[in-house]
Q: 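Sharing a structure with you now.
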Amino acid sequence: MSNTKTGAPDNTPGLAEDQDLGAAGSQLSTAPTEEISHLPSLGVIGWARWFWRQLTSMRVALLLLLLLSLGAIPGSLIPQTGIDETKVAEFRKAHETLAPVYDKLGLFHVYSSVWFSAIYILLFVSLIGCIVPRTWQFVGQLRGRPPGAPRRLTRLPAYTTWRTEAEPEQVRAAALALLKKRRFRAHLAGDAVAAEKGYLREVGNLAFHIALIVMLIAFAWGQLFKSEGNKLIVEGDGFSNTLTQYDDFKSGSLFSQDDLDPFSFTLKNFVGTYEESGPNRGTPRVYKADLAYSVGAYGKDRKATVEVNEPLEIGDSKVYLVSHGYAPVVTVRDGKGNVVYSDAVPLLPLDGNVTSTGAIKVMDGYRDAKGKWDQLGFQAFFLPSYGGSGTAVVSQFPALRNPVLNLEAYHGDLGVNAGLPQSVYQLNKKNLEGFKDSKGAQLRENLKPGETMKLPNGAGSITFEKEVKEWAGFQVARQPGSGWALAGSVAAIFGLAASLFIQRRRVWVRATTGSDGVTVVEMAGLGRSESAKVPEELGDLAGILYEQAPGAPDADADPADSEASPDPQVVPAEGAEK
C-alpha cells in the first residue's frame, strides 16, 4: 500500500528546523542568508565590512529605490532650471520666501543635486554588490549537480512511498530516464536519484536586477549627454543644426557642441487637413511636413516627410514635428510709401481652431510723417476662419476658410535696444504710444487678404498680403542610451515574470531493498516556497513511475485482493489546507 503526505505532521518540527536535510534543502535560491547583525569589531576594517554588508543587502537596495522614487517627485512638481528657466524665474518672483529654501535644497535642479546623485550612486553600488556574488553563486550551482537525498525523505513537504517487486536498480534507472525526459537535471547519488528543475527562476531574478543596473546607467548617460532644441520654421525657410539656429536649447552637463550631428533641412511645404463635421470636428486628419535635407557640409539633397510620432532620424538625432501655425505675409510702408518691412510673420496658436497671436515689430528704417526716426509695433491676432462681423475675435475652424488679420498699431520705443531679452511674439507697450482713430480710440482694424490699414496723419500703412504661409515647429532631440533603457525595461519585465511564475524545486527517488527482500520506493519533493505545484508534480511523476514499477502485494493481504496496490497519490496531510 502506498503511504503519502504533504507538509510536516503536527508532531514534528518545521522544515526550517530540520537539520537532516543538509545540502538537500540548501541553495534553492541565490539570496544571501539573513543573519542577526552584530556590532562590528573595533577598527576601520570592521566598520567598513559592516557598512558594506548593510549597503549590499536587498533591504537597503529596496529602501534606496523607494528614496529615489520619492526624490523624483519634486522634479515633477517644481519648475526645473534645465527644462524651463522662465517658469523658474516666475516661481522665484511669486515665492520670495520659499525660493531661497528651494535653492539651498537643490529643488530647482533635482536630478543634478548632490542628494539625488548620492541616492543614485548608492543604489547603483548596492545593486552591483548584491548581484555579483549571487551571480557567481548561481554559476557554481549550474556547474555542480543537484544535492543527494536527505536521510529521511519523510520530513519533506511532499512525499509518497510504495513497495514493488522490481529491482532497486531498475527503479532508479526508470526514475532517472523519467526525470530527464521531464527536463530535470538528474543524476544517481548513492541509493537515490537526485533531480532539480526551475533554474530560470534565478535567471529571471538576476536578469531583473541586472536590467535595473542597465536602466540606471542608460538614464544617467542620457541625462549627461542629451540635447534638445526647438525651432519654428516658415515654409520656404531652412535650418542648420548649430546652436545659434535654435529658438531654445537645453542639454546635459557633459554635452558639447561637437556632439551635434551635421545636417540641415528646408521646410518645403506643410499639409494639414481637418475633420469637417461630427464630434471630432477640427481634429487633424493629415498633419505632415515635407522637407529637403542634407547631411554634412556637402551632402546631397534628399526628400523626407515628417509626421507626428514619425520623426526624421539623422545620425543620433531625431527631428520631430511638434506644432503648427500660420504666418500671414505683411508689408509696412512709411509716410512716403517706401517699404520698410515685408515678411511672413509667424503667430502662435491660442486654441484648437488656431486662433493666433503675435507681434509685428519694425525696428529699423522707418520714418514718421515728419521724417523723424521711429519704431512701429503691431499687436496681431490671426483668425484662419473668421465667423463674420459681430462675432468674437476667435477662429471657427483651423483651416484657411475666411482668414482675417486683426491689428492694433503703436509707435515709440520697442525696447529692443535696452539690452534685455524679449520675446519676438510679444509687444512691450511700456514705452509705446497707440495710434488713434477718428474717434480718439485705439486704432484697430480687421484686414482681409489684400486690404491695407492706413496709419493716421500720413504715418504710413500696413498691408495684409494675399499670401498666408504656414509654419511648423520642430524639436531636434538626441537621447543617448534610450535604446539601452528600453532593452533594460523589457528584460526587467521578463525577468520579474520568470522570478514570480517559475518555481525552483527538487525531486528525489530512493529505491532500497527492505528487510523482507521487497524493494521500497520513496519519492519526495521540495520547493523554495509552499506551493501546490510540487505535490501535484510529484504525484504525476509517481503515477508514471508506478506503472513501470507496480506495487507489490502486502504479505498479510487476502490473495483475492492483492493483484495490485492502488496508485500512489500525494494528498494533503492532516490539517493542511485543501
Side-chain angles (χ1 to χ4, degrees), residues 3-8 12-33 134 137-162 171-206 498-512 520-546 568-573 576:
N3 182 18
T4 62
K5 75 177 185 70
T6 64
T12 59
L15 182 62
E17 300 175 359
D18 189 1
Q19 303 298 324
D20 293 336
L21 293 182
S26 67
Q27 297 181 347
L28 272 172
S29 168
T30 56
T33 305
R134 292 184 65 170
Q137 181 182 347
F138 182 62
V139 170
Q141 293 178 17
L142 290 178
R143 297 178 63 182
R145 289 184 171 188
R151 265 190 317 147
R152 290 184 290 175
L153 293 177
T154 56
R155 307 299 291 274
L156 296 178
Y159 172 82
T160 186
T161 182
W162 71 93
V171 176
R172 290 194 288 266
L176 181 62
L178 173 62
L179 291 170
K180 287 186 176 181
K181 184 178 180 180
R182 291 297 185 94
R183 298 191 301 276
F184 279 83
R185 292 180 63 208
H187 70 106
L188 287 172
D191 59 356
V193 175
E196 188 169 3
K197 191 177 183 180
Y199 287 94
L200 283 179
R201 177 187 179 94
E202 291 303 321
V203 173
N205 192 13
L206 293 174
S499 64
L500 290 177
F501 297 108
I502 297 176
Q503 185 178 18
R504 191 171 172 188
R505 62 268 191 201
R506 289 172 180 158
V507 172
W508 292 275
V509 181
R510 175 176 286 152
T512 57
V520 178
V521 181
E522 292 181 286
M523 292 186 68
L526 176 65
R528 180 181 174 185
S529 59
E530 292 292 337
S531 172
K533 185 174 183 178
V534 174
E536 291 175 0
E537 187 174 37
L538 185 67
D540 182 34
L541 293 171
I544 298 175
L545 186 60
Y546 186 85
Q569 297 178 351
V570 182
V571 298

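Predicted model, so just to flag it, every value in this text is computed and none were measured.
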Q: Kindly indicate, with the supporting measurements, whether the criterion side-chain contact (heavy atoms from CB on, under 4.5 Å) is fulfilled by Tyr159 and Leu538.
A: CA-CA 8 Å; Tyr159 172 82; Leu538 185 67; 5.5 Å; no
Q: To check you understand the geometry: which heavy-atom pair defines the closest contact between Ala498 and Gly204, and what is its length?
A: CB-CA, 3.9 Å
Q: Any non-hydrogen side-chain atom of Leu178 less than 4.5 Å from a side-chain atom of Phe184?
A: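 No. Closest side-chain heavy atoms not under 4.5 Å.
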Q: Just by modelled atom types, is the Arg505 backbone N or O under 3.5 Å from a matching donor or acceptor in the Arg201 side chain?
A: no
Q: Report the residues that fulfil side-chain contact (heavy atoms from CB on, under 4.5 Å) with Ala511, sequence neighbours left out, ordered by chain and then residue number.
A: Pro168, Val171, Arg172, Thr519
Q: Please name the pair of heavy atoms, one in Ala149 and one in Ala192, separated by the smallest distance, quoted to 0.1 Å.
A: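 For Ala149 versus Ala192, the nearest heavy atoms are CB-CB, 3.9 Å.
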Q: With rounding to the nearest 0.5 Å, note down the distance linking CZ in Arg151 to CZ in Arg510.
A: 10.0 Å
Q: Among Leu541, Leu156, Leu153, Val193, which residue meets the side-chain contact (heavy atoms from CB on, under 4.5 Å) test with Met523?
A: Leu541
Q: If we ignore hydrogens and angles and just use 3.5 Å, is the side chain of Trp508 paired with the main-chain N or O of Glu522 as donor and acceptor?
A: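 Such a contact is absent between Trp508 side chain and Glu522 backbone.
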Q: Can you name the nearest heavy-atom pair linking Ala195 to Ala186, along with the distance?
A: CB-CB, 3.8 Å
Q: When rounded to the nearest 0.5 angstrom, what is the spacing between CG in Leu500 and CG in Asn205?
A: 9.0 Å
Q: Would you please name every residue forming a side chain to side chain donor-acceptor pair (under 3.5 Å) with Arg182, sequence neighbours left out?
A: Asp540
Q: What are the two closest heavy atoms between Gly148 and Ala189, and how far apart are they?
A: CA-CB, 4.1 Å
Q: Nearest 0.5 Å please: distance from the CG atom of Leu526 over to the CZ atom of Arg155.
A: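 These two atoms lie 13.0 Å from each other.
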Q: Can you spot which of Arg504, Arg145, Arg185 makes a side-chain hydrogen bond (donor to acceptor under 3.5 Å, both in side chains) with Glu196?
A: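 So the option named by the test is Arg504.
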Q: Classify the angle between the aromatic ring planes of Tyr546 and Trp162 as parallel (below 30°), tilted (30 to 60°) or perpendicular (above 60°).
A: perpendicular
